[in-house]
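Note that this is a predicted model, so its numbers are computed, not measured. Every chain is numbered from 1, with letters handed out A, B, ... down the list of sequences.
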There are 2 protein chains.
Amino acid sequence: MNSQQSSIQGQLRRFEALCRDQGLPVTVQRRTVLETVLGRDDHPTADQIYEDVVARVAGISRTTVYRVLDMLVRFGMITKACHPGAMARFDGNTERHHHLVCLRCDRVIDLVDERLDALELPDTGHLDFEITDLRVQLYGVCANCRNEATASKPVTDETGAVLNPKKREKN
Amino acid sequence: MNSQQSSIQGQLRRFEALCRDQGLPVTVQRRTVLETVLGRDDHPTADQIYEDVVARVAGISRTTVYRVLDMLVRFGMITKACHPGAMARFDGNTERHHHLVCLRCDRVIDLVDERLDALELPDTGHLDFEITDLRVQLYGVCANCRNEATASKPVTDETGAVLNPKKREKN
DNA sequence: CTACCAGATGCAATAATATTTCATCTGGTA
DNA sequence: TACCAGATGAAATATTATTGCATCTGGTAG
């Protein structure tokens with residue numbers, strides 16, 4: 001998609017500016033990890049990102065991917081997604097949006113809904129908590145899982161992507 | 001708290017009934033794990049639950065705690081909490097409620113808000129997703145972290161509870 | 001009360017995910 | 001081109017989670 005592409009370019013420039021501000025180098029690895037996360041519309045694990053990135057930067061190490069992801073979160077370029085399951089998940093979409101969470105296969109699907117976006121932030125003064133953003137998690141069962149009531153993990157979606165991957169290659 | 005106590009008793013009876021329905025035995029381990037999760041008002045990791053449970057059932061294994069937690073989630077007695085960070089978290093509160101998520105220390109605080117509870121479920125017919133429940137995640141910075149801008153992990157709360165524990169004993 | 005068995009448990013091994021250490025390399029600059 | 005702060009890669013280690021199997025237990029029938 002072209003608007004998607006140009007948005008990624010904009011984000012990259014924003015990232016480079018942030019690095020310059022802090023005197024930190026913009027490396028091939030950092031650029032590639034960021035591009036990769038922004039280029040996905042799901043909520044990949046660190047390992048899924050590694051798989052994508054290693055195809056573009058031969059020899060990049062898993063360690064670096066973990067480190068860069070952590071850095072990008074601190075910079076606010078991406079977020080950690082709240083996700084059932086044990087692995088950390090990342091989300092390149094920092095716009096306000098919401099999540100459909102399948103209780104059967106743990107899949108998380110993005111949802112854009114203006115009414116939810118317009119939600120007024122509740123008053124949490126008594127808890128002394130400063131709210132900056134809000135997302136709604138909608139729990140239920142996705143089409144896949146409803147169709148095959150007997151489905152057990154692991155599950156793949158219609159594109160063949162593994163939704164709850166279990167194995168990875170050697171380090 | 002007494003109402004809390006009796007609610008836990010009720011949940012235990014509900015669990016026993018579920019087991020009987022399915023011909024599954026109600027073991028000391030299962031009862032204790034369930035009691036322990038229900039008795040907490042935070043979102044413990046499997047290991048935190050293990051620590052609590054082992055004090056009451058000497059010799060219980062970590063493996064069993066993992067297995068029981070998984071079973072309780074399948075039975076709907078507890079839920080997996082969406083939580084930033086790498087470890088699976090559990091939530092004994094199955095009533096509709098919402099979460100304040102601190103972006104600094106990853107702490108998750110429960111929030112009850114009638115206006116949020118009353119949210120109408122959005123129409124997701126076009127996505128073929130069947131919604132059964134909804135929770136709102138409110139992102140921000142908790143009082144602790146706002147007070148000590150220099151705080152770095154690990155962090156403990158005012159009660160001394162470790163919010164992002166790092167170590168555990170031998171297996 | 002005892003025997004019985006499906007299923008649960010504990011233990012040890014293993015897998016999967018994540019972090020640390022440190023020698024080496026690179027981006028950015030003079 | 002040389003320099004250096006900081007990034008990277010590799011290996012070791014730590015942490016979290018699962019699996020296989022021998023043994024034990026809850027629930028029940030006799």
In dot-bracket form, 5' to 3', how is DNA chain C paired? Count Watson-Crick and G-U wobble pairs only if both distances fall under 3.5 Å, and write | where the partner sits on another strand. ||||||||||||||||||||||||||||||

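With respect to B:Arg96 and B:Asp133, a salt bridge is recorded, a charged nitrogen being found less than 4.0 Å from a carboxylate O. A salt bridge links B:Asp128 with A:Arg146; the closest basic N to acidic carboxylate O contact falls under 4.0 Å. Between B:Arg74 and B:Asp70, at least one side-chain nitrogen of the basic residue sits less than 4.0 Å from a carboxylate oxygen of the acidic one, meeting the salt-bridge criterion.
With D:dG27, C:dC11, C:dA18 as the candidates, the nucleotide lying closest to the side chain of B:Pro25 is D:dG27. Listed nucleotides: C:dA18, D:dT18, C:dA8. Nearest to the side chain of B:Leu24: C:dA8.
Atom-to-atom, CE of A:Met71 to P of D:dG6 comes out at 12 Å; the value is rounded to the nearest Å. The separation between A:His83 atom NE2 and C:dT17 atom C1' is 15 Å, rounded to whole Å. Going from atom CG of A:Asp47 over to atom P of C:dA15 covers 16 Å, rounded to whole Å. Rounded to whole Å, atom P of C:dT26 lies 15 Å from atom CZ of A:Arg67. Rounding to whole angstrom units, CE of residue A:Met87 and P of C:dA15 are separated by 17 Å. Distance CZ (B:Arg62) to C1' (C:dA13): 15 Å, rounded to an integer number of Å. The interatomic distance linking A:Leu18 (CG) with D:dG6 (C1') rounds to 17 Å, in whole Å. In this structure, the CD atom of A:Glu16 is 13 Å from the P atom of C:dG27, given to the nearest Å.
Between A:Gln29 and C:dG27 there is no side-chain N or O to OP1 or OP2 distance below 4.0 Å. The shortest distance between the side-chain N/O atoms of B:Tyr66 and the OP1/OP2 oxygens of D:dA17 is below 4.0 Å. Within the 4.0 Å cut-off from OP1 or OP2 of C:dA8, at least one side-chain nitrogen or oxygen of B:Arg30 is found. The side chain of A:Thr64 contributes an N or O atom lying less than 4.0 Å from OP1 or OP2 of D:dG9.
Distance alone, capped at 3.5 Å, is enough to place a donor-acceptor pair between the B:Thr124 side chain and the B:Phe129 backbone. B:Arg115 places a side-chain N or O within donor-acceptor distance of the main-chain N or O of A:Glu120, the cut-off being under 3.5 Å. No donor-acceptor distance shorter than 3.5 angstrom exists from the side chain of B:Arg107 to the backbone of B:Cys102, with no hydrogens or angles considered.
Projected onto DNA chain C by closest heavy-atom contact, B:Gln22 and B:Ala58 fall at different nucleotides, the more 5' of which corresponds to B:Gln22.
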Name the atoms and distances for all side-chain donor-acceptor pairs under 3.5 Å in residues 20-30 of chain A, with sequence neighbours left out.
{"residue": "A:Thr27", "atom": "OG1", "partner": "A:Arg30", "partner atom": "N", "Å": "3.1"}
{"residue": "A:Arg30", "atom": "NH1", "partner": "A:Pro25", "partner atom": "O", "Å": "2.7"}

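For B:Arg20 and D:dG27, a side-chain-to-base donor-acceptor distance below 3.5 Å is absent, hydrogens and geometry of angles not being considered.
Backbone-only engagement by B:Thr27 is indicated by non-hydrogen atom pairs under 4.0 Å involving sugar-phosphate atoms exclusively.
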